[in-house]
Amino acid sequence: MCQTIITNNKIIQEDLEFSANCKCFDINKLRNKTILITGVTGFIGKQLVLTLLCMNKMHDLNINIIAMARNKSKVENLFSSVLNDKNLNFCIQDIIEKISISGNVDFIIHCANPVISRVFVEQPVETIEAITLGTNNILKFAKEKGVESVVYLSSMEVYGIIDVPAIRETDYGYIDPLNVRSSYSEGKRLAETLCASYSSEYKVPVKIIRLSQVFGAGLDYNDSRVLSQFVRSVIDKKDIVLHTEGKTVLTNCYISDAINGIFTVLLNGQNGESYNLANSENVFSIKQIAELIVENNPNSKVVLDIQNVSQYRPDTILKMNTDKISSLGWTAKIGLKEMMNRTISSYLEERNGIGK
């Protein structure tokens, strides 16, 4: 156990300790190192910061963390319990601005990224700028600092519409460049090409992770992700309302498994390479996930209310092959049912004020 509890939320604390004790990578490679993490007010960025703090408490690693985000008040709220930690420093700036951080930086995990589908449609220019300009700034900074390793968090959406049994890192499908919703997926593709280009031309040691749907304890109760909406509905004893037919099939991954995968690629991955990060056993359609959740929640049912689907990605089947990341020593541990149960328990703690 940590000598100092990072969070009073029991489920999140368990997840942090699980990652702090992960055997997929050698945590001693992080000892006395400085790690820059962007997008720390997001779900994954925040969990990475808390996990590193937990590693420090459990293993006395003296990891120095530079946590970057745009919104100072949100940072102060999200990290209120650890603001005074001597190993945690914040950099408040927009990722599309030049990065000016003094001192040594050993590792970078680039998480800053738009995540809301509605924004991709309503603000496609800003979506493209945040992804491409932000990533270019990070890669320039990594080059200047001579870092040991960089991880860029990309997305399964780079695969587009594709018909293969299980998508490998070399498989690519169709994306309509004239659909403004493609501002996200095309932006991600270009950002990946920037990573490959910096690796080839300037030898920047960057690795790419293509994330599946990452979910779990620690998501804000008002998070806009579709799975969050499902869980919130059953907690509030409301129906789960689908605005599409829910045919899209996604591969999901629990947050602690995702965190362990990120550190595995950061420390063990090959430069200039991409890695799928998913639980290959968690492959369900959106409708199937909704139906699974309501099975144990009789106060809710699944209701179809089809609306304008332009803000949603076309129906696709995205089953991701994870052989490549598994070859680095990583494996997913948390299945869909446990993922949902842990998330619901965590949400209930937060809503009832237990974790505040």
Side-chain angles (χ1 to χ4, degrees), residues 43 115-118 120-121 154-169 171-176 179 181-182 184-185 188 210-217 219 223-236 238-255 257-258 276-323 332-344 347:
F43 178 38
V115 295
I116 303 173
S117 290
R118 174 177 48 79
F120 307 160
V121 176
S154 187
S155 167
M156 63 185 176
E157 289 210 22
V158 300
Y159 292 118
I161 301 172
I162 187 169
D163 184 15
V164 294
I167 302 168
R168 294 182 180 272
E169 286 81 357
D171 296 323
Y172 298 97
Y174 172 74
I175 296 174
D176 179 2
N179 181 338
R181 173 62 174 72
S182 299
Y184 179 77
S185 49
K188 283 293 191 181
R210 293 171 182 160
L211 292 170
S212 63
Q213 289 281 332
V214 178
F215 195 69
L219 270 171
D223 180 79
S224 63
R225 288 173 176 81
V226 65
L227 299 188
S228 299
Q229 295 176 41
F230 292 174
V231 169
R232 193 161 54 243
S233 293
V234 298
I235 288 176
D236 294 339
K238 297 179 180 178
D239 293 334
I240 292 178
V241 181
L242 298 182
H243 297 305
T244 71
E245 294 183 10
K247 293 181 179 179
T248 288
V249 175
L250 301 176
T251 310
N252 299 287
C253 188
Y254 188 67
I255 180 62
D257 283 332
N276 288 340
L277 202 170
N279 185 332
S280 57
E281 300 299 317
N282 285 0
V283 184
F284 299 87
S285 73
I286 290 174
K287 187 177 181 183
Q288 285 176 322
I289 295 171
E291 291 171 342
L292 182 148
I293 293 173
V294 301
E295 278 182 9
N296 299 320
N297 295 277
N299 293 308
S300 303
K301 61 181 182 294
V302 178
V303 176
L304 292 180
D305 180 20
I306 308 300
Q307 298 184 358
N308 178 8
V309 297
S310 64
Q311 65 178 301
Y312 304 104
R313 66 196 314 264
D315 291 334
T316 52
I317 297 176
L318 286 175
K319 181 177 181 180
M320 301 170 73
N321 180 289
T322 57
D323 288 348
K333 302 292 187 183
I334 308 296
L336 183 65
K337 187 172 182 179
E338 185 178 359
M339 179 171 82
M340 290 301 174
N341 288 340
R342 293 184 69 80
T343 304
I344 290 171
Y347 266 152

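None of these values were measured; they are calculated from a predicted model. The chain is numbered in sequence order, starting from 1.
In terms of heavy atoms, F284 sits closest to Q288 at CA-OE1, 3.4 Å. Between I167 and I317, the shortest heavy-atom contact is CD1-O, 4.3 Å. The shortest heavy-atom contact between D171 and A166 is OD2-O, 4.0 Å.
The list of salt bridge (Lys or Arg N to Asp or Glu O under 4.0 Å) pairs with a residue in residues 227-236, not counting sequence neighbours, reads D236-R351. The salt bridge (Lys or Arg N to Asp or Glu O under 4.0 Å) contacts involving residues 334-343 comprise E14-R342, D15-R342, where partners must be two or more places apart or lie in separate chains.
With contacts defined as side-chain heavy-atom distances shorter than 4.5 Å, the pair R181/S117 qualifies. In this structure, V249 and K319 have side chains that are not in contact, with every pair of non-hydrogen atoms separated by 4.5 Å or more. A 4.5 Å side-chain heavy-atom check between L277 and C253 finds at least one atom pair inside the cut-off. With contacts defined as side-chain heavy-atom distances shorter than 4.5 Å, the pair S155/L211 does not qualify. Between L318 and V283, every side-chain heavy-atom pair lies at or beyond the 4.5 Å cut-off. Residues I286 and F230 have side chains in contact (heavy-atom distance under 4.5 Å, counting atoms from C-beta outward).
Put simply, CZ on F215 and OG1 on T343 are 4.5 Å apart, with the number rounded to the nearest 0.5 Å. Between the CG atom in L250 and the CE atom in M156 there is a gap of 4.5 Å [rounded to 0.5 Å]. F43 CZ to I255 CD1: the interatomic distance, rounded to the nearest 0.5 Å, is 4.0 Å. Between the OG1 atom in T248 and the NZ atom in K287 there is a gap of 13.0 Å [rounded to 0.5 Å]. How far OG of S154 is from CG of N276: 10.0 Å, rounded to the nearest 0.5 Å. Of the inter-residue distances, the one linking Q213 atom CD with M339 atom CE reads 9.0 Å to the nearest 0.5 angstrom.
If you run side chain to side chain contact (heavy atoms under 4.5 Å, CB included) between S300 and each of I235, I293, V294, only V294 comes through.
Listed for the N279 side chain is a donor-acceptor partner under 3.5 Å among the backbone atoms of I334. No donor-acceptor distance shorter than 3.5 angstrom exists from the side chain of T251 to the backbone of A278, with no hydrogens or angles considered.
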For a side-chain contact (heavy atoms from CB on, under 4.5 Å) check, start with the C-alpha distance between Q229 and V241, then their side-chain angles and the critical distance, and finish with the verdict.
CA-CA 9 Å; Q229 295 176 41; V241 181; over 6 Å; no

Under the side-chain contact (heavy atoms from CB on, under 4.5 Å) criterion, do E157 and I175 qualify, and how do the steps go?
CA-CA 9 Å; E157 289 210 22; I175 296 174; over 6 Å; no

Start with the C-alpha gap between V164 and N321, add the side-chain angles, then the distance that decides, and say whether side-chain contact (heavy atoms from CB on, under 4.5 Å) holds.
CA-CA 10 Å; V164 294; N321 180 289; over 6 Å; no

Let's go through E169 and Y159 carefully: what are the C-alpha distance in whole Å and the side-chain angles of both, what is the deciding distance for side-chain contact (heavy atoms from CB on, under 4.5 Å) to 0.1 Å, and is it a yes or a no?
CA-CA 9 Å; E169 286 81 357; Y159 292 118; 4.1 Å; yes

